[in-house]
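Contents: one structure, followed by commentary.
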Amino acid sequence: MPLRVHDTRRREKVDFTTMNPGVVNMYVCGVTVYDLCHLGHARCYLAFDLIHRWLEKSGYDVNYVQNFTDIDDKIINRAIETETDWRELVEQNINSYYRDMDSLNILRADKYPRCTDFVDEMIDITSDLIDKGHAYAAEDGVYFSVESAPEKYGQLTGQSIDAVRSGAGGRVGDSGSGKRDHKDFALWKSAKPGEPTWDSPWGEGRPGWHIECTAMSMDSFGAQFDIHGGGHDLLFPHHEAEIFQGECHTGCSPVVHHWLHNGFVNIDGEKMSKSLGNFWTIRDIVEKVDPLVLRFSLINAHYRSPIDMNEQLLKDAQKNHSRLVDVYKAALELMGVNCPPLPHGDVQSAIPLVRSVGLLEKMAQGFAVAMDDDFNSREACAKVLGALREMSKMLSTLEGDDLGAYAVHCVEWLEDTAGSVLGVLPTREQVLAEPEEDPRKAQIADKVEELIEQRSIARSSKDWAKADAIREELALMGVVVTDTAQGPIWDLV
RNA sequence: GCACGGAUGUCAGAGCGGCUAUGAGCGGGAUUGCAGAUCCUGAGACCUGAGUUCAAAUCUCAGUCCGUGCUCCA
């Protein structure tokens with residue numbers, strides 16, 4: 001089953017191919033580091049983390065490059081507002097980025113180039129584009145002339161240049177910029193007073209936004225590469241601009257073989273935006289829920305679909321994730337040593353163990369098929385959840401060596417799917433570690449133990465009214481009691 | 001206006017020509033004094049209209065509604 005991916009430019013699922021056999025060069029647009037990362041960033045880098053992981057699982061050697069945009073209007077403005085040196089602001093936010101993404105179990109890219117390290121390259125490309133007649137210097141900077149390569153227009157958005165021409169109107173003059181045409185975009189911006197600047201053939205200034213990705217992807221991969229990713233919103237104009245710049249500069253086309261774009265995050269049905277006040281940072285959420293639960297909730301939709309984040313979604317994810325961890329934990333605790341190997345699986349078998357092993361194999365195949373189908377993590381999650389039910393049932397019915405061997409199989413199965421691919425499994429150590437005692441628990445432990453003892457006495461004499469009354473009393477203290485085969489256990493709500 | 005993407009049970013969300021996921025919620029059952037957890041099981045859906053086909057949620061056409069982009073944005 002070959003890997004198929006949805007390519008934005010071709011607008012359909014295509015067989016995934018690479019320029020060099022076995023190697024994938026992947027560039028994903030990174031963040032502009034002027035603030036903390038929000039849920040939208042999480043979704044984006046999570047999507048490409050899954051893609052990264054699955055490509056590696058499929059045997060590719062992945063070179064994953066993700067940039068930081070470390071100079072930009074927003075950074076300059078924020079630095080002024082907060083009276084911080086812009087370099088310091090950048091460092092802070094890059095550190096936050098790593099911390100947030102690490103918490104979500106997002107594997108690091110191989111390289112994180114920063115655009116300020118590539119100003120010379122951007123100047124070279126810009127000069128070359130001027131020489132080739134694709135760009136021109138104006139009063140306030142250098143612009144790319146979109147009309148110089150009209151055949152490249154609209155490859156990602158499907159807009160025809162004629163449609164845009166006819167609808168253009170007289171907006172150009174109003175903007176006050178030196179653009180000759182409103183479709184043109186800046187390659188170099190002349191310095192304004194007080195801004196960080198670099199020297200260039202066109203005077204002091206700084207690079208335009210779009211050119212940085214061209215410079216950095218070229219630096220890592222050359223004129224063409226396999227995957228370019230980013231948020232849906234970058235389609236236009238950012239990625240369109242990259243096609244213009246890159247292809248006009250190098251003469252190679254297409255610059256990108258597979259364009260992958262992730263969908264957006266809505267909050268309670270509305271677009272997440274600062275003006276609506278429904279802006280969730282990763283840090284905010286991770287304070288309330290386990291980061292792996294957040295991760296689970298976000299991969300529980302296809303990466304291209306919009307996702308609506310809300311309490312219910314997190315609650316569902318919480319529940320499913322607990323099931324996953326519970327089964328994993330049970331399997332870890334039941335793992336046998338030196339057990340005889342499991343029989344070969346056969347879904348038709350009348351022997352439960354044989355049948356179950358067969359079912360798990362089938363679900364593992366289904367998992368792979370799902371991931372091969374444009375990284376369908378939702379479907380892949382469904383396979384894992386299906387497997388959990390099967391495992392849970394078998395782990396409570398098998399005995400002896402069968403149980404030990406089956407538990408080992410479950411552990412491996414889960415680590416191979418939910419673990420290394422989906423990245424939602426905690427480590428073995430985390431799962432088996434005794435939970436850290438909440439200091440509040442210690443304070444009330446004696447009182448609680450005493451009440452539970454009374455309740456046990458009441459229960460053994462079938463005084464249900466009294467038993468329930470004690471449970472009520474405990475509930476008022478914020479304590480929940482659960483009766484298990486090993487006796488009652490308690491915890492804070 | 002132009003472009004792109006959607007419309008699937010109560011909700012979330014896969015499938016994209018024949019076999020109707022998955023989860024939450026709800027109904028029944030097992031276990032339990034009850035609750036919780038777990039397992040078994042049930043009900044319940046493919047926006048509208050037309051067409052293609054032996055067969056359509058799945059393909060084609062038309063329509064309706066929704067989202068997003070066309071300005072910085074993951």
Side-chain angles (χ1 to χ4, degrees), chain A residues 6 8 11 13 28-32 34-35 37-48 66 69 72-74 77 154 156-160 162-164 166-168 171 175 182-183 209 229-238 240 261-266 269-274 296-297 300-302 304-310 312-323 326-327 330 366 370 373 376-390 392-397 458-460 462-465 467-468 471-472 475 480-485 488-489:
Chain A
H6 180 92
T8 311
R11 260 163 254 170
K13 277 186 204 167
V28 175
C29 286
V31 285
T32 300
Y34 73 105
D35 204 350
C37 289
H38 59 247
L39 205 46
H41 297 116
R43 152 93 128 152
C44 176
Y45 301 111
L46 207 39
F48 288 98
Q66 189 194 315
T69 297
D72 160 275
D73 287 339
K74 287 194 289 290
N77 293 337
L156 299 180
T157 52
Q159 300 260 27
S160 85
D162 292 323
V164 180
S166 60
R171 278 201 274 156
S175 67
H182 82 285
K183 296 188 292 297
W209 176 42
H232 187 68
D233 56 321
L234 296 182
L235 252 151
F236 185 92
H238 188 57
E240 291 269 5
H261 292 96
N262 65 278
F264 260 44
V265 179
N266 297 324
E270 283 185 309
K271 185 185 170 176
M272 182 170 71
S273 77
K274 288 188 174 170
F296 194 98
S297 73
N300 216 219
H302 188 95
R304 280 188 289 115
S305 314
I307 192 168
D308 188 37
M309 178 52 68
N310 52 54
Q312 184 63 38
L313 193 74
L314 285 174
K315 216 177 111 194
D316 281 7
Q318 178 78 258
K319 190 143 187 168
N320 285 141
H321 190 256
S322 310
R323 281 216 301 140
D326 287 350
V327 172
D373 181 16
N376 192 338
S377 56
R378 172 72 196 198
E379 181 70 14
C381 285
K383 296 297 174 195
V384 172
L385 262 4
L388 288 182
R389 177 143 289 153
E390 179 63 23
S392 177
K393 182 175 64 179
M394 294 302 288
L395 288 171
S396 61
T397 54
R459 289 183 74 219
S460 57
K462 298 196 192 296
D463 187 351
W464 309 129
D468 290 344
R471 188 162 59 192
E472 274 300 306
V480 61
V481 187
T482 309
D483 296 315
T484 71
I489 56 171

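Residue numbers start from 1 in every chain, and the chains themselves are labelled A, B, ... in the order their sequence lines are given, proteins ahead of strands.
The listed nucleotides are B/G5, B/A24, B/C73; the one nearest the side chain of A/Gln312 is B/A24. Considering only side-chain atoms of A/Ser392, the nucleotide from B/C4, B/A74, B/U38 that sits closest is B/U38.
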For RNA chain B, produce a single dot-bracket line, 5' to 3'. Pairs: Watson-Crick or G-U wobble, both distances under 3.5 Å. Symbols: ( ) within strand, [ ] crossing, | other strand, . unpaired.
-> (((((((..(((.....[...))).(((((.......)))))....(((((..]....))))))))))))....

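Taking atom C1' on both nucleotides, B/G69 is separated from B/A74 by 14 Å, rounded to a whole Å. The same atom, P, is picked in B/G23 and in B/A14; the two are 15 Å apart, to the nearest Å. With C1' as the reference atom, B/G49 and B/A57 are 16 Å apart, rounded to whole Å. Using atom C1' as the reference point in both B/U22 and B/C65, the two lie 28 Å apart (nearest Å). When the C1' atom is used for both B/U32 and B/A21, the distance is 32 Å, rounded to whole Å. Comparing the C1' positions of B/A24 and B/C34 gives an interatomic distance of 24 Å, to the nearest angstrom.
One atom, CZ of A/Arg459, and another, P of B/A35, lie 12 Å apart when rounded to the nearest Å. Nucleotide B/G69 holds its P atom 22 Å from the NZ atom of A/Lys183, rounded to whole Å. The interatomic distance linking A/His238 (NE2) with B/C70 (C1') rounds to 17 Å, in whole Å. Taking atom CG of A/Asp463 as the reference point, atom P of B/C34 lies 16 Å away to the nearest angstrom. Protein atom CG of A/Leu235 is 11 Å distant from nucleotide atom P of B/G5, rounded to whole Å.
A/Asn300 contributes atom CG, which lies 8.0 Å from atom CG of A/Asp316 (distance to the nearest 0.5 angstrom). Atom NE2 in A/His261 sits 8.5 Å away from atom NE2 in A/His232 (nearest 0.5 Å). A distance of 13.0 Å separates CZ in A/Phe296 from NZ in A/Lys319, rounded to the nearest 0.5 Å. The CD atom of A/Glu390 lies 9.5 Å from the CG atom of A/Leu395; values are rounded to the nearest 0.5 Å.
In this view, A/Asp483 and A/Arg455, A/Arg459 satisfy the salt bridge (charged side-chain N to carboxylate O under 4.0 Å, His left out) rule, not counting sequence neighbours.
Ring-plane geometry between A/His238 and A/Trp209 is classed as parallel, the angle between the planes falling under 30 degrees on a 0 to 90 degree scale with a further cut at 60.
Residues A/Leu385 and A/Asn320 have side chains in contact (heavy-atom distance under 4.5 Å, counting atoms from C-beta outward).
Stacking of the aromatic ring of A/Phe264 onto the base of B/A74 is found: the ring centres lie under 5.5 Å apart and the planes are inclined by under 30°.
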